[in-house]
Amino acid sequence: MTDSGVSGTVRSLLDIRLWAAFDIDAEGRVLAGNDDLGSLQLVEVDPDGTTTALTDLPSRCAGRYVPGRRQVLVEHDNGGDEKWQISLLDLTTPLGRPARLDDLTPVVSDPDHMNVLYDVTSASLIYSTNRRNDVDMDIVVRDLDTGQESVVFDDGGYVIGSSVSHDERSVAVTRLSLVPASTLVSVAGPSSSVALTDAEEPASHFVAGWAADDQSLVVSSDHAQEFHGVWALGLDGSWRSLVTSDDHDVAATLSRDGSAMVVMHHVDGADTLAVHEADGTHRVDVDLGPVHPLIVRWSADGSRFVVAATTPTDPGSILSVDAHTGAVTLLVDGRESIPPDLRERLVTPTVHRIPTPDGEQVPCFRFAAAPTGDESDAALARASVGASVLHIHGGPESEAVQMYSAVWQALALCGFEVLVPNVRGSSGYGRRWVSLDDVELRLDSVADLAAIHDWLPTVGLDASRSALWGGSYGGYMVLAGLAMQPERWAAGVDIVGISSLVTFLENTSAYRRAYREREYGFLDQHREFLEKASPLTYLDDLVAPLFVIHGANDPRVPLSEAEQIKAALDDKGVDCELRVYPDEGHGLAKRANRLDAYPDAIEFLVQHLSGSGG
């Protein structure tokens, strides 16, 4: 590390408490989470804002209340391996301290497989598991008192959601299809399952909840249209529009009793919220302004809901909303943990559309270099004037949204212009845009990076001092940009990225392979193209210095992807630093590891991009 002041600035931002919300009970208590203990742990927030730490587990966790009981079902993994286990935390007799792993009662204990908690009633747990064959995910209903289990769905596939009907006789199942950017919805019971959507339609559907009479589902879907809207999907496969828009996505979360729904209008990575009746009729607006709602969860009686929301300058506030009046009660103010000297320096981005040579326009958020603070920050900012960092999101069927990011803000506070694009293939901008990078179109997405680079001088930025930063698929984009556009980029930070699409697909977890192949190309059909689209293929051209971060337990992008790019660049004599964290998976979930990696990664960029040479 140098004496540039990077460490202190970045550490202050990374020390800011991050919040999440998971559930709300009948008394208005919120099951939340924060990372005060080093990773995301459960915290209970009373209606008056009082907080009680509930867990102190070795790794991150999440959870749900058991309705009608003072109990919590806790979902936890081991070192980021994503082999989720489910345990019970009894709150009737407080421990007087956060619960450790041996204080929990195992409910689903199967450390060799992934067991995902999807829904819970007063009597039952609904979860998915890939224990049958390590690949396909079955839906299991477990009686919480007897432990008896019933497999209600085993039609195969990668399940991403499940919710139980009010009469508890059926479950709605959402799973990925083999069509890129598409999902399937089925309804399953003890003896049969019925697909409600067309497996061949290139559309994605997300279940918002069951209608009050259990005769239909409310779904967010781009069925037969460009943007997602809110629909009633009958058990006979019929569709009825509830709330839609011609120019942006609309999503919803239905109340547990089926009486009302929170409707979210999504424009340029931010949402405005309103409450609607179950038939789509508008009830009341929720005065939050544009936010990114991390989660919306209803109380059992439909009287209120909890929202965990973030903005670029708010790391996560928790709000309770009256579903009839729209009145908002602030339970947790996410900005309280921001040091006062930084609070007013955080940056809100401007929104841009960047033209490409083939006539498209790439949506992009621009975080301008932040106002300077003390003299060390001012000196750093002067050295970084004109330099920029492009941060590319993961997915690829995902989206950069207007949320808080310690990395974005830290880079801006170091004097960099931060550009956060939604390159083609990103969600949030319609069905056409999300499909523009499928399989053989992959390199069109990489070409968007070049278009952004060409745009830099038009806004006064130095094109010779621009770097790439990204995680997961964004890490692939970093490596692809450096390897395929070597004359453009001065440095890169690759976090859990893919260096070869071929070796990635060969070595990723078995349950993920087919669903990554649907997006990138199938090994037995597209190997030649997969090699063409792999950064390692262009190794001879890769000359920019690189900082690589990876978790040893990553089940998605194996550590070998980082190790092989590191070995190859070492052989070439290209500057490449690899940081491997033995207690992490797909990204850095632990604060200590973020504090170890990110300040040095940003310092790395300062050294390679600053006008004074660092």
Side-chain angles (χ1 to χ4, degrees), residues 67 118-122 124 126 128 139 141 152-153 155 157 159-177 182-245 249-266 273-284 296-303 305 323-324 431:
Y118 278 120
D119 207 353
V120 59
T121 72
S122 60
S124 302
I126 295 88
S128 70
I139 298 294
V141 176
V152 296
F153 178 86
D155 287 356
V159 171
I160 61 171
S162 183
S163 60
V164 67
S165 61
H166 299 96
D167 63 11
E168 299 190 29
R169 298 178 61 184
S170 303
V171 295
V173 181
T174 307
R175 53 187 164 137
L176 302 177
S177 81
S182 301
T183 61
L184 301 172
V185 175
S186 300
V187 168
S191 59
S192 65
S193 66
V194 177
L196 300 186
T197 58
D198 182 357
E200 301 302 318
E201 182 186 15
S204 58
H205 325 282
F206 303 96
V207 174
W210 284 82
D213 61 2
D214 285 340
Q215 295 305 300
S216 63
L217 304 172
V218 173
V219 300
S220 302
S221 172
D222 57 359
H223 165 72
Q225 61 184 34
E226 178 67 13
F227 292 94
H228 281 81
V230 183
W231 300 77
L233 174 58
L235 299 189
D236 59 358
S238 61
W239 293 84
R240 179 167 55 89
S241 176
L242 299 178
V243 187
T244 61
S245 171
D249 283 342
V250 184
T253 300
L254 192 66
S255 63
R256 296 188 185 191
D257 63 359
S259 65
M261 57 185 174
V262 179
V263 172
M264 294 155 279
H265 291 265
H266 185 76
L273 277 61
V275 182
H276 288 234
E277 306 295 342
D279 64 2
T281 304
H282 179 272
R283 179 190 291 180
V284 65
V296 175
R297 193 79 74 188
W298 282 87
S299 63
D301 62 3
S303 65
F305 55 92
H324 298 286
R431 183 194 288 188

Taking Ser124 for its side chain and Val141 for its backbone only, find out whether a donor-acceptor pair lies under 3.5 Å.
no

Classify the angle between the aromatic ring planes of Trp231 and Trp239 as parallel (below 30°), tilted (30 to 60°) or perpendicular (above 60°).
perpendicular

Heavy atoms of Ala323 and Gly302 approach each other most closely as CB-O, 3.6 Å

What is the minimum heavy-atom distance between Ser163 and Val207, and which atoms define it?
OG-CG1, 3.8 Å

Any side-chain to backbone donor/acceptor pair from Thr197 onto Val185? Under 3.5 Å, distance only.
yes

Which pairs, with at least one residue in residues 230-242 and sequence neighbours excluded, count as a salt bridge (Lys or Arg N to Asp or Glu O under 4.0 Å)?
none

Residues Leu196, His205; criterion side chain to side chain contact (heavy atoms under 4.5 Å, CB included); working and verdict:
CA-CA 11 Å; Leu196 300 186; His205 325 282; over 6 Å; no

For the residue pair His282 and His276, does the interplanar ring angle fall in the parallel (under 30°), tilted (30 to 60°) or perpendicular (over 60°) class?
perpendicular

Sidechain-backbone polar pair: Glu201 side chain, Ser182 backbone, donor-acceptor under 3.5 Å:
no

Taking the side chain from Ser162 and the backbone from Ala172, do they hold a donor-acceptor pair closer than 3.5 Å?
yes

Hey, is the main chain of Ser186 close enough, under 3.5 Å, to the side chain of Arg175 for a donor-acceptor pair?
no

Look only at the side chain of Asp167 and the backbone of Asp214, and say whether a donor-acceptor pair between them is shorter than 3.5 Å.
no

Is it the case that the side chain of Asp119 and the backbone of Ile126 share a donor-acceptor pair, with hydrogens and angles ignored and the cut-off at 3.5 Å?
no

Step by step, work out the side chain to side chain contact (heavy atoms under 4.5 Å, CB included) result for Val296 and Met264.
CA-CA 10 Å; Val296 175; Met264 294 155 279; 4.2 Å; yes

Minimal heavy-atom distance between Ser177 and Leu184, with the atoms involved, is CB-CG, 3.8 Å

Between Ser204 and His228, is there a side-chain donor-acceptor contact under 3.5 Å, judged purely by atom types and distance?
yes

If you apply the rule side chain to side chain contact (heavy atoms under 4.5 Å, CB included), what do you find for Thr253 with Phe305, and how did you get there?
CA-CA 10 Å; Thr253 300; Phe305 55 92; over 6 Å; no

Test of understanding: with salt bridge (Lys or Arg N to Asp or Glu O under 4.0 Å), list the residues that count as partners of Arg297, not counting sequence neighbours.
none

Knowing that exactly one of Asp155, Val159, Val152 qualifies, which makes a side-chain contact (heavy atoms from CB on, under 4.5 Å) with Val173?
Val159

Do Arg256 and Pro67 have side-chain heavy atoms sitting under 4.5 Å apart?
yes

